[in-house]
Amino acid sequence: MFSYVDVERRMRKDHPLRAIRKLVDDALFAMDGDLAALYSGIGRPSIAPQMLLRAMLLQDFIRCAPSAS
């Protein structure tokens, strides 16, 4: 049901997504203050916008990946 294999071991060292991940990490870090200012400190906690943006990017990359069929 769950996988306990380290993500770093699943992807080869020269995979293009590693470079993309670095760019995304840097961009989201730069936007962190702006995104945090949009949310209230009271009420129910929300899903971090950084996580939502990562999920959207991942969906796009999966959609663009060549299919195995």
Side-chain angles (χ1 to χ4, degrees):
M1 178 167 21
F2 295 102
S3 175
Y4 295 103
V5 177
D6 184 22
V7 175
E8 295 299 320
R9 290 180 36 202
R10 288 185 175 253
M11 193 183 320
R12 65 181 197 266
K13 297 291 182 192
D14 62 341
H15 196 284
L17 283 178
R18 288 186 179 271
I20 293 170
R21 182 180 185 186
K22 174 72 172 122
L23 291 171
V24 170
D25 286 347
D26 292 345
L28 290 176
F29 181 77
M31 294 171 35
D32 193 44
D34 295 330
L35 293 172
L38 298 174
Y39 288 86
S40 172
I42 57 173
R44 293 181 63 188
S46 64
I47 297 172
Q50 296 87 336
M51 297 303 286
L52 294 173
L53 289 169
R54 283 182 188 278
M56 290 171 56
L57 281 172
L58 183 58
Q59 286 176 337
D60 288 339
F61 287 127
I62 290 171
R63 195 174 313 131
C64 293
S67 64
S69 57

Holding to salt bridge (Lys or Arg N to Asp or Glu O under 4.0 Å), I want the full list of residues that pass it with R63, two or more places apart in sequence or in another chain. D60
With a 6.0 Å cut-off (strictly less than), is the heavy-atom count around CZ of R21, excluding the residue itself, greater than 12? no
Residues in salt bridge (Lys or Arg N to Asp or Glu O under 4.0 Å) with R12, at least two apart? D14
Tell me which donor-acceptor pairs under 3.5 Å the side chains of residues 30-39 have, and how far apart each pair is, sequence neighbours excluded?
residue	atom	partner	partner atom	Å
D32	OD1	Q50	NE2	2.4

Per the salt bridge (charged side-chain N to carboxylate O under 4.0 Å, His left out) rule, what does the pair list look like for residues 45-58, sequence neighbours excluded? D25-R54
Residues in salt bridge (Lys or Arg N to Asp or Glu O under 4.0 Å) contact with K22, at least two apart in sequence or another chain: D26
Could you tell me which non-hydrogen atom of K13 sits nearest to which non-hydrogen atom of R18, and how far apart they are? O-CD, 3.2 Å
Which residues share a side chain to side chain contact (heavy atoms under 4.5 Å, CB included) with I47, sequence neighbours left out: M51, L52
Apply the hydrophobic cluster definition, ILVMFWY joined by side-chain contacts under 4.5 Å directly or through others, and give me every member besides L23. none
Given the rule that I, L, V, M, F, W and Y join up when any side-chain heavy atoms are under 4.5 Å apart, are L17 and L57 in one cluster? yes
